[in-house]
Amino acid sequence: MRIALGVGLLFIVSLVIFGATELLPGDLANELLGQSATPETLAALREQLGLNDPAPVRYWNWLTGALTGDFGVSLANGRPISELIGARLGNTVFLALYAAALSVPISLILGILAALWRNSIFDRMANAGALTAISFPEFFVAYILVLWLAQTGLFPSMVRINPTTTFGDRVYMTFLPALTLMLVVTAHMMRMTRAAIINLMASPYIEMARLKGMSPLRIVLRHALPNALAPIINVIALNLAYLITGVVVVEVVFVYPGLGQLMVDAVSNRDIAVVQAVALIFAAAYVALNLLADVLSTITNPRLMHRR
Amino acid sequence: MGFAASVILGLAALFAIAWALRAAARATFSGQTRSLAHDIPLTASFGLLVIAIYTFVAIAAPALAPFPEREIVGGQFQAWSAEHWLGTDRIGRDMLSRLIYGARNTVGIAFATTALAFVVGAILGLWAALVGGWLDQALSRFVDALMAIPALIFSLLLLTIFGTSVLTLILVIAAVDATRVFRLARAVAQGIVVMDYIEAAKLRGEGSWFLIRREILPNAMAPLVAEFGLRFCFVFLAISSLSFLGLGIQPPTADWGSMVKDNATLITFGDVTPLLPAGCIALLTVAVNFVVDWQLHRASGLKEQ
Amino acid sequence: MDREVLLKIEGLRIEGRAGDGWTEIVKGIDLTLHKGEVLGLIGESGAGKSTVGLAAMGFARDGCRITGGSILFDGIDLRQAPEAERRALRGKRIAYVAQSAAASFNPAHKLIDQYCETPVVHGVMARDKAEQDAIDLYRRMQLPDPKGIGFRYPHQVSGGQLQRAMTAMAMACRPDLIIFDEPTTALDVTTQIEVLAAIRDIVRQFDTAAIYITHDLAVVAQAADRIKVLLRGDEVEEADTRTMLDAPREDYTKSLWAVRSFARAEQPPATSAPILSVQNVSAAYGKVPVLEDVSFDIHAGRTIAVVGESGSGKSTAARVITGLLPPSGGAVVFDGKPLPPALKGRTREQLRQVQMIYQMADTALNPKLRLRELIGRPAQMYLGLTGRALETRIRDLLDLIELDPDTYIDRLPGELSGGQKQRIGIARALAAEPKIIICDEVTSALDQIVQEGILKLLTRLQGEFGLAYMFITHDLATVRAIADDVVVMQKGRVVEQGPKAQMFAPPHEPYTELLLSSVPEMDPDWLTRLLESRASVSA
């Protein structure tokens with residue numbers, strides 16, 4: 001049921017992304033040829049790009065192409081888009097997972113501790129720190145790290161990786177971009193985890209557990225945590241989805257060969273075919289993450305798993 | 001790191017002034033204003049002070065800036081000096097002057113965008129919650145679909161199509177953000193619409209506009225104001241990020257995001273100048289967040305009693 | 001009572017956080033409880049009874065702190081003892097039963113897992129023995145399917161059953177003392193009896209001492225050996241249950257009794273044509289039917305009480321009359337002419353004639369509007385009053401509900417007490433100058449003394465303006481006090497209806513009988529007699 005809903009949503013998203021191009025004044029051929037257009041070249045290009053087909057047909061061709069990994073050709077340089085995306089997709093996924101692996105455990109631990117020691121010095125410091133980190137633009141955090149860690153030569157400020165780079169080198173070279181993403185995402189995730197747990201600790205069943213003489217640790221682990229799983233899963237999914245967009249700016253700062261970099265270049269060149277393809281990939285990842293969170297939080301909720 | 005020290009010193013000075021002002025407010029005012037001043041944490045008074053300073057700089061920019069915004073007044077990348085306090089940029093414009101004009105451009109555009117997103121999103125959200133039925137369903141499903149595309153990605157897509165002018169920038173970001181405002185306004189209003197006083201007003205035969213204006217809006221104000229602050233931060237950061245990527249506010253308009261981008265090469269030489277505009281962005285966002293946090297805390301505190 | 005003292009509280013003082021500072025909410029309470037004794041702690045909201053109950057476990061809620069006095073439990077000073085020692089007592093020797101079992105059971109675990117937690121963690125017995133014990137206690141608490149019910153999650157079990165399961169859980173370690181914090185308040189009357197009887201039996205079987213906290217005297221009279229009355233954190237008086245019921249010393253205690261004795265003068269049966277009649281109405285929420293073939297008449301100058309438990313459809317009937325829920329069959333006839341079924345189809349004049357007063361004055365008044373606008377808006381809208389005429393009308397209305405216009409006209413609802421808010425609700429209904437006012441459980445959220453004031457006010461206004469009231473309630477004491485006609489509803493149908501005198505005299509329909517007999521009386525032997533008579537009927 002939920003999976004069908006997710007697929008349906010993805011379908012609508014693809015419609016929106018495709019439909020947006022239909023809003024273009026003129027058409028792609030016009031865009032592409034610009035001032036140099038003659039009626040003949042325009043007609044030829046339209047024929048070549050299949051622009052003379054009605055919109056539903058073109059949408060169908062685009063969608064079925066995308067599902068089989070064929071996104072058409074770049075308008076800027078005529079190369080197949082799948083070729084442009086190929087290795088970059090892997091790089092971006094690597095960076096996002098790297099940042100997630102750093103931030104999820106740290107932020108959960110910090111969030112739980114802040115909730116446990118509510119209103120303590122630790123809580124206040126963590127909160128003020130998180131609020132500050134949230135307020136910083138990603139490029140600010142990135143450049144501060146560059147100034148501080150790259151200037152001293154500890155880590156490279158630019159990421160030069162290619163398919164032959166070893167895993168260890170990758171981890172080392174991508175450390176600064178991953179750290180930047182981690183700082184930004186951890187702040188969000190910590191605050192939301194803290195709020196979810198504090199919200200829960202006010203429930204009558206937590207008071208009941210205290211009145212049953214249970215130790216604080218047992219209360220958190222056995223009484224609060226099972227109920228906090230659903231909100232925490234959602235927090236994680238939301239922030240991993242946020243990572244996807246954070247990647248764009250960070251990749252530009254560190255000249256990291258990923259999808260974000262590709263998309264920004266494409267937007268500058270108004271290479272709509274590439275923008276569409278990358279947007280679809282990002283949106284699909286986003287929808288899939290939210291779907292996964294939905295399914296996981298259903299599994300952890302006895303109200304939904306065991307009906308009356 | 002003499003620079004880091006002076007930044008810390010500057011922030012400390014701001015906090016000290018904020019503390020002094022709060023103490024002064026406690027001493028001079030009476031009644032409600034006084035209790036407000038009593039409640040306010042130092043972070044929030046710091047936030048208010050920073051916002052006030054930014055507003056002043058934005059309004060008085062032409063009077064404060066030593067040089068014009070767009071004119072080339074010196075060599076490229078000049079160092080800090082008596083004439084150009086913060087040096088010059090990539091093509092020789094005065095950094096300090098552009099920083100000051102940036103307050104007007106960047107903050108002004110972000111503010112206009114937020115206001116637009118807010119008016120559209122809030123009115124539609126309140127209306128959907130009140131009327132319910134198919135209108136609510138249609139609007140909500142439409143917004144759900146739009147929100148399934150990450151905000152920055154969607155903005156980039158729209159900017160590709162419509163080009164990058166200030167007007168399209170405002171419209172695009174406002175459209176993307178209005179969906180978020182719609183969600184919140186609808187959720188808040190749904191909590192209010194189930195109240196008996198709304199039923200009582202409906203039974204009295206009141207129209208939709210009266211219900212929104214007199215019964216729902218006054219009760220939705222507190223969360224909406226806090227949301228306005230949060231939204232402003234998001235919009236401000238989004239516009240700055242786009243400008244930084246070269247896709248937002250375009251030169252020669254002075255803008256903090258693009259100023260970082262333009263002069264980023266200096267950072268690799270250990271020069272902090274390009275970070276100043278980024279710092280300006282960060283400082284304002286921190287300030288607004290501090291104030292919003294205080295407001296949210298107050299709202300939840302009042303609820304508990 | 002010559003048995004050993006179990007709990008001795010002396011000079012207990014507790015403060016609660018209020019804004020920036022602290023205010024005292026318990027002002028020096030003394031309390032002595034012997035082994036096996038049941039003490040009833042009664043008082044209105046804000047009396048501090050729950051706070052005292054929790055303090056007996058050495059516990060203070062967040063935002064509260066114990067500032068003075070001593071709490072001696074079996075010789076252990078709970079204020080001085082280290083937290084670990086207190087924790088070892090809680091659940092094992094002192095247990096707690098909360099008001100809302102539905103909220104106090106952890107939704108993530110099965111009932112039996114939550115039962116076993118206390119004995120296993122406190123090292124009283126092993127898991128498999130605890131499970132056997134749980135089934136035994138579930139059986140003693142007369143839960144259906146005692147072997148299986150423990151393996152359900154809380155959301156799969158009804159409220160009354162959860163309350164009994166929670167009492168069983170409190171018994172798990174066979175504690176010396178159980179604190180019952182309003183255990184039956186959230187339940188329907190017929191369920192309340194069952195839970196009350198089960199609690200009383202189990203406490204007697206195991207000779208457990210208990211503190212029974214409630215605002216309902218008749219309920220506590222069934223279970224308690226002694227009663228202590230609290231008012232705003234102070235003790236009013238304490239006595240044996242019988243003495244307290246027969247001969248209360250203090251005026252405040254007497255006033256608690258007096259509410260029950262308030263009654264409106266009897267009226268002769270109605271002779272004129274009804275002002276409004278509900279004719280064969282059926283209604284449904286979506287596909288779920290909630291009303292089936294409901295008919296009754298409302299007469300000018302009379303009060304009709306619609307009685308039933310939650311889910312009986314009594315509030316839905318009001319929604320149909322007001323037009324919020326168009327009926328799927330039948331009609332509502334006002335003054336001889338059928339009303340349009342939906343709210344939108346009705347004229348302003350039709351809307352004016354039927355006004356509503358709600359149960360929760362807190363949610364029925366817009367917290368951001370001043371009284372002037374709250375009361376003035378209907379007068380302005382329906383009667384076209386403006387300027388000075390409107391101002392005069394608002395002041396008159398405030399006079400009518402016995403609030404001083406000069407003091408109150410520009411206040412916000414948040415600046416009023418619960419009873420005052422309910423009066424504003426009445427004034428708002430009056431402002432429309434209606435013929436009928438629907439009162440939806442208008443007194444059930446209020447303290448008893450405040451209830452009396454509201455009922456008196458409504459009665460006076462009815463005499464002055466010849467109003468017809470439709471009184472929706474589950475409280476039969478209120479019905480006895482003010483109704484002329486009674487409609488009994490169950491599961492969306494009218495079970496029985498007629499003039500009050502007839503309804504309260506036998507013979508009854510079986511459901512009416514059950515409802516009437518379930519209302520606790522101020523008699524310590526009432527529950528015993530009732531259970532005996534029910535047992536003899538079924539035998």
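Here is how names work: the chains are called A, B, and so on, in the same order as the sequence lines, proteins then strands, and each is numbered from 1.
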| field | Max heavy-atom pair count under 4.5 Å with chain A, selected residue of B:Leu275, B:Ile281, B:Leu242, B:Val260 | value |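 Of the candidates given, the most pairs with chain A belong to B:Leu275.
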
| task | Flag the one option from B:Cys233, B:Gly279, B:Pro277, B:Pro274 with the top tally of heavy-atom pairs under 4.5 Å to chain A. | result | B:Gly279

Quick check on [X] against chain A: is it the side chain, the backbone, both or neither that has a heavy atom closer than 4.5 Å?
{"X": "B:Leu146", "value": "side chain"}
{"X": "B:Leu245", "value": "both"}
{"X": "B:Phe290", "value": "both"}
{"X": "B:Ser240", "value": "both"}
{"X": "B:Leu156", "value": "both"}

Per-residue contact mode, [X] against chain B (heavy atom under 4.5 angstrom):
{"X": "A:Val146", "result": "side chain"}
{"X": "A:Ile17", "result": "both"}
{"X": "A:Ile134", "result": "both"}
{"X": "A:Arg191", "result": "side chain"}
{"X": "A:Leu9", "result": "side chain"}
{"X": "A:Phe136", "result": "both"}
{"X": "A:Val267", "result": "both"}

If I take atom [atom1] from residue [X] and atom [atom2] from residue [Y], how far apart are they, to the nearest 0.5 angstrom?
{"X": "A:Phe140", "Y": "B:Leu237", "atom1": "CZ", "atom2": "CG", "answer": "11.5 Å"}
{"X": "B:Thr113", "Y": "B:Arg231", "atom1": "OG1", "atom2": "CZ", "answer": "12.5 Å"}
{"X": "A:Gln261", "Y": "A:Tyr256", "atom1": "CD", "atom2": "OH", "answer": "11.5 Å"}

| request: Can you see which heavy atom on B:Gln250 is nearest to which on B:Gly246, and at what distance? | output: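 That would be NE2-O, 3.3 Å.
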
| remark: Closest non-hydrogen contact found for B:Val188 with B:Pro223 is CG1-CG, 3.9 Å

| message | Tell me which of these, A:Val287, A:Asn290, A:Val13, has more heavy-atom pairs under 4.5 Å with chain B than the rest. | response |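 The candidate making the most pairs under 4.5 Å is A:Val13.
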
Taking atom types as modelled, find out whether [X] and [Y] have a side-chain donor-acceptor pair closer than 3.5 angstrom.
{"X": "A:Glu251", "Y": "A:Thr92", "answer": "yes"}
{"X": "B:Thr253", "Y": "B:Asn105", "answer": "no"}
{"X": "B:Asp262", "Y": "B:Ser258", "answer": "no"}

| said: Set out, in order, the CA-CA distance, both residues' side-chain angles and the distance that settles side-chain hydrogen bond (donor to acceptor under 3.5 Å, both in side chains) for B:Ser165 and B:Thr168, then state yes or no. | reply: CA-CA 5 Å; B:Ser165 75; B:Thr168 51; 3.2 Å; yes

| task | Mark yes when over 12 heavy atoms from residues, nucleotides or ligands other than B:Phe228 sit less than 6.0 Å from its CZ; otherwise mark no. | result | yes

